[in-house]
Number of protein chains: 2
Amino acid sequence: MHINLFIFGCGHHRAAWRHPASAVERMGDISYFESLAQIAEQGKLDAVFFADGHSAENLSDGPRWFLEPLTALAAMSRATQHIGLISTVSSTFYTPFHAARMVASLDHISGGRMGWNVVTSMFDSEARNHGYPSMPDHDWRYARAEEFITTVLALWDSWGDDALRCDRQGVYVAPEAVRSIKHQGEHFLVDGPLTVPRPPQGHPVLFQAGASDQGRDLAARRAEAIYAVAYDLGAAQAYYRDIKRRVREAGRSEPVPIMPGLVTYVASTESEARAKQRELDELLPSQDALRQLGMYIGQDCQDWELDAPVPPLPPLEAFTGPKGRYATVLRIIETEQPTLRGLLGRLAAGGGHCTMVGTPRTIADEMERWFRNEGADGFNLMPPSLPGGIEDFIEYVIPELQDLGLFRKAYEATTLRGHLGLQRPPRQP
Amino acid sequence: MHINLFIFGCGHHRAAWRHPASAVERMGDISYFESLAQIAEQGKLDAVFFADGHSAENLSDGPRWFLEPLTALAAMSRATQHIGLISTVSSTFYTPFHAARMVASLDHISGGRMGWNVVTSMFDSEARNHGYPSMPDHDWRYARAEEFITTVLALWDSWGDDALRCDRQGVYVAPEAVRSIKHQGEHFLVDGPLTVPRPPQGHPVLFQAGASDQGRDLAARRAEAIYAVAYDLGAAQAYYRDIKRRVREAGRSEPVPIMPGLVTYVASTESEARAKQRELDELLPSQDALRQLGMYIGQDCQDWELDAPVPPLPPLEAFTGPKGRYATVLRIIETEQPTLRGLLGRLAAGGGHCTMVGTPRTIADEMERWFRNEGADGFNLMPPSLPGGIEDFIEYVIPELQDLGLFRKAYEATTLRGHLGLQRPPRQP
């Protein structure tokens, strides 16, 4: 089983920063992020991961973006020795030469521990920071993403693995081992070669999170590991089987591990775990949360009773607004019968992602169930609060997973590729 | 006096990597660069500095680019505590949002120690890695650089210094303290605000190295510190006075320290210092160097005697090729009467830059002479070999400069801006 820590501010619960023990004052302090990576490494996790966004929105609501991920990960790589380091990279906002150069540089700095999660980005506010009057459409972004990946890989392969000779009486680099790429496509003109020799991993590991049909196809064709959103095992299995089928159809034989997001509240008893969850939920400013819920469900709910069950809502077919979020709301109500405050809390902490609340053993068992039944090859942990949520997970859940024989007790590899069981790609001919 | 270490591969002498003691095998090893920054910090230097290039050229000739500077400096910031960290940033290849975000992030990570050296880049081979069919012309690049700087500064000022409230019962950020910039110019469309709060230094320190008339003007109007090329004190004074005049004419009252490049060979006697220089010069593959000299001077010199004086050359007026390099060759011959091998060595180690060869005391005295006579406010050290060249300088020359009362014995400030005696800029209204 592969386990990844998704680092996000003070945690994935939108109110986590309001907790007295939160590190909200340290969002610009790299030592906070270094310590999170160190905690994850103590737990033998495969990697830490940063999402990324290119606009500042809803600022009063809590920390979101602060340190830029590539620069933060460079520092974090020097505070750790084994764990993988994954940065989101937008193919819409980066150019291939910059991305290839920085990620390759980080792969050298970290000794082969880098991954890049290619996204196409979404928001007009982001596009308008990067010269686009509005966000280019989905098709254009996916075509660019495809060409972007192709170009970056070609740049990483512009150097042979044995190009560096360092022969003091002869040459520093064997000229015949370095080549141009002369890429000239719809979106990019890049001659190459890269300024950075081939990365230790050959190619730093390519992650994606394909959700749309086009996204799934791209992921199936190109991704080496996949982040997913799955509310429950059924949804996870549907996604898992679909992607694995697409991977096979693309003629690929690599494992392509799939890692759904996972929010956990863990304590020694179920009721203590529920209490932890409630403690965060109660920090949520209810008027803001109710206003947001009102937008999701298309009705005013400001006067609803917070600690009573959620009133019945119309079925999905009857709803005329955006269906995805509405469906999530309905599913949470149907499967968990939460109070209104509980629903707001669930939506505030990775709403569409799987949430497990319980003892170390029940959570480990549930993770095993997903793992054994084509739901997941691993998980992308989204602790509701940091560092508490990941400390708990590593102290209590990891040993259970190790006892079940599901998770490593020590690092067996030195690279992210090694942790994930992926081969080092040979240079493209 | 301000002193900066210009880090470059195995040193600024093109043959330095061929020396048995060179670290040529460690060009991708961040701990090598961390140790250089630590050595410079032991010497209380103001900063370390990386040049940058965006194409891989003349690879067999020795190390040039390898690790990308921003990612390397992130790691180096965590191995040091006081020293400034300066990266070259190309305004032709970067966009303002990426540059502002990364440099701001690094300023937070380093606790206010970042500088950025804005260049417009030069080579077609670089342009063709970034989507341009060839390098855009000089005027276009300078217009873009100007707009680039304006936009980056506006993004850094998009957050007020007191924007972060971290009020657990209230807001994370005071919304009125963060603003859009709505930049829409000839070259860029950037709405802002930045995703990163205002950097600790307000603005990370802006370096430039203006040489052309347009470059000098831009430097005089915008730079907070300037790198220069000066072969001797006369040339340094001419440049210094011209820039200081332009700075005054731009209505600026800041100090704008000017730091010419400086190559030093230091030993306890002058003849030992000469021997150190000769040792590197003798590592230069003479056929390659002669071929290059032949191009500079427009005649075949492959059969000239290496250890004899350079034969007389026609005067500058009679030369029809590129005059700059030819003038440098003539000046070296005129002022130093070198052997042919000596000339090749001088051209191989920062040819146009000042070179001082001597004892710690003679070098310190000469540096003082430049400093006291409007030649320099400091120096950008270009050690011919690394780490040896900077170790020597710090062990032997720095104490002399300290004894002369010219250089700090301990860090008195915590930021690069503080080291350079520059004020923290208030937020633009």
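As a basis for the values below, the full set of heavy atoms in this structure was taken, side chains included, without hydrogen atoms, waters or symmetry mates. Note on naming: letters A, B, ... go to the chains in the order of the sequence lines (proteins, then strands), and numbering restarts at 1 for each one.
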**Student:** Output the option from A:Ser55, A:Pro20, A:Ala163, A:Ser158 having the highest count of non-hydrogen pairs under 4.5 Å with chain B.
**Tutor:** A:Pro20
**Student:** Heavy-atom distance under 4.5 Å to chain B: side chain of A:Val24, backbone, both or neither?
**Tutor:**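 Looking at A:Val24, backbone and side chain both touch chain B.
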**Student:** Heavy-atom pairs under 4.5 Å with chain B - which of A:Gly62, A:Pro175, A:Gly28, A:Ala15 has more of them than the others?
**Tutor:**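 Of the candidates given, the most pairs with chain B belong to A:Gly62.
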**Student:** What part of B:Met27 gets within 4.5 angstrom of chain A, counting heavy atoms only: side chain, backbone, both, or neither?
**Tutor:** side chain
**Student:** On the 0 to 90° scale, with breaks at 30° and 60°, tag the A:Phe97-B:His54 ring pair as parallel, tilted or perpendicular.
**Tutor:** tilted
**Student:** Is chain B contacted by the side chain of A:Thr95, its backbone, both, or neither, given a heavy-atom distance below 4.5 Å?
**Tutor:**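 For A:Thr95, side-chain heavy atoms alone lie under 4.5 Å from chain B.
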**Student:** Please classify the contact of B:His187 with chain A as side chain, backbone, both or neither, using a heavy-atom distance under 4.5 Å.
**Tutor:** neither
**Student:** With a 4.5 Å heavy-atom cut-off, do A:Ser60 and B:Tyr172 have their side chains touching?
**Tutor:**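 A:Ser60 does not reach B:Tyr172 side chain to side chain.
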**Student:** Please report the interatomic distance SG(B:Cys10) to CZ(A:Arg168), rounded to the nearest 0.5 Å.
**Tutor:** 7.5 Å
**Student:** CD1/B:Ile30 to CZ/A:Arg78 distance, rounded to the nearest 0.5 angstrom?
**Tutor:**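 Nearest 0.5 Å value for the CD1-CZ distance: 6.5 Å.
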**Student:** Pick one of side chain, backbone, both or neither for B:Asp52, based on which atoms fall under 4.5 Å of a heavy atom in chain A.
**Tutor:**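 When you check distances to chain A, only side chain atoms of B:Asp52 fall under 4.5 Å.
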**Student:** Pick from A:Met102, A:Glu25, A:His98: which one has the most heavy-atom pairs with chain B under 4.5 Å?
**Tutor:** A:His98
**Student:** At a 4.5 Å cut-off on heavy atoms, which part of B:Glu126 comes close to chain A: side chain, backbone, both, or neither?
**Tutor:**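 Nothing of B:Glu126, per the 4.5 Å heavy-atom cut-off to chain A.
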**Student:** What I'd like to find out is whether the side chain of A:Trp65 reaches to under 4.5 Å of the side chain of B:Leu194, using heavy atoms alone.
**Tutor:**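 They are not in side-chain contact.
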**Student:** Please look at A:Pro193 and chain B and tell me whether the side chain, the backbone, both or neither of the residue comes under 4.5 angstrom of a heavy atom of that chain.
**Tutor:** both
**Student:** Which bit of B:Pro63 comes within less than 4.5 Å of chain A, counting heavy atoms only: side chain, backbone, both or neither?
**Tutor:** both
**Student:** With a 4.5 angstrom heavy-atom cut-off, could you sort out which part of B:Val178 is near chain A: side chain, backbone, both or neither?
**Tutor:** side chain
**Student:** Roughly how far, to the nearest 0.5 Å, is the CZ atom of A:Arg128 from the NE2 atom of B:His183?
**Tutor:**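 Rounded to the nearest 0.5 Å, the NE2-CZ separation comes out at 12.0 Å.
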**Student:** Can you check whether anything in residues 108-116 of chain A gets within less than 4.5 Å of chain B, heavy-atom wise, and list it by number?
**Tutor:**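 A:His108, A:Ile109, listed by number.
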**Student:** Given heavy-atom pairs under 4.5 angstrom as the criterion, report whether the side chain, backbone, both or neither of A:Gln169 touches chain B.
**Tutor:**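 A:Gln169 touches chain B through backbone heavy atoms alone.
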**Student:** If only atom types and distance count, is the side chain of A:Asn129 paired as donor or acceptor with the main-chain N or O of B:Val190 below 3.5 Å?
**Tutor:**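 Checked: no pair found.
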**Student:** With no hydrogens and no angle check, is any side-chain donor or acceptor of A:Ser105 less than 3.5 Å from a backbone partner on B:Leu67?
**Tutor:** no
**Student:** In terms of heavy-atom pairs under 4.5 Å, which option from A:Arg165, A:Glu57, A:Glu34 contacts chain B the most?
**Tutor:** A:Glu34
**Student:** Donor-acceptor check, side chain of B:Arg101 to backbone of A:Phe66, threshold 3.5 angstrom: yes or no?
**Tutor:**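 Checked: no pair found.
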**Student:** Could you look at B:Tyr94 and say if it's the side chain, the backbone, both or neither that has a heavy atom under 4.5 Å from chain A?
**Tutor:** both
**Student:** What is the distance from atom CG of B:Asp167 to atom CH2 of A:Trp17, rounded to the nearest 0.5 Å?
**Tutor:**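 Reported value, rounded in 0.5 Å steps: 6.5 Å.
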**Student:** Looking at chain B, which one of A:Ser180, A:Pro96, A:Ala72, A:Gly170 has the largest number of heavy-atom pairs inside 4.5 Å, strictly under?
**Tutor:** A:Gly170
**Student:** Taking atom CD of B:Glu186 as the centre, report whether more than 12 heavy atoms of other residues, nucleotides or ligands fall under 6.0 Å from it.
**Tutor:** no
**Student:** Which region of B:Ser22, side chain (C-beta onward) or backbone (N, CA, C, O), has a non-hydrogen atom less than 4.5 Å from a non-hydrogen atom of chain A, or is it both or neither?
**Tutor:** both
**Student:** Top residue by heavy-atom pair count (under 4.5 Å) with chain B, among A:Phe188, A:Phe93, A:Tyr132?
**Tutor:**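 The option with the most such pairs is A:Phe93.
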**Student:** Please say whether more than 12 non-hydrogen atoms of neighbouring residues, nucleotides or ligands are located less than 6.0 Å from CD in B:Glu282.
**Tutor:** yes
**Student:** Where does B:Pro285 contact chain A at under 4.5 Å (heavy atoms): side chain, backbone, both or neither?
**Tutor:**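 Looking at B:Pro285, nothing touches chain A.
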**Student:** Which distance, rounded to the nearest 0.5 Å, do you find between the CZ of B:Arg64 and the OG1 of A:Thr195?
**Tutor:**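 So the CZ of B:Arg64 and the OG1 of A:Thr195 are separated by 12.0 Å.
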**Student:** Which bit of A:Ser31 comes within less than 4.5 Å of chain B, counting heavy atoms only: side chain, backbone, both or neither?
**Tutor:**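 Both backbone and side chain.
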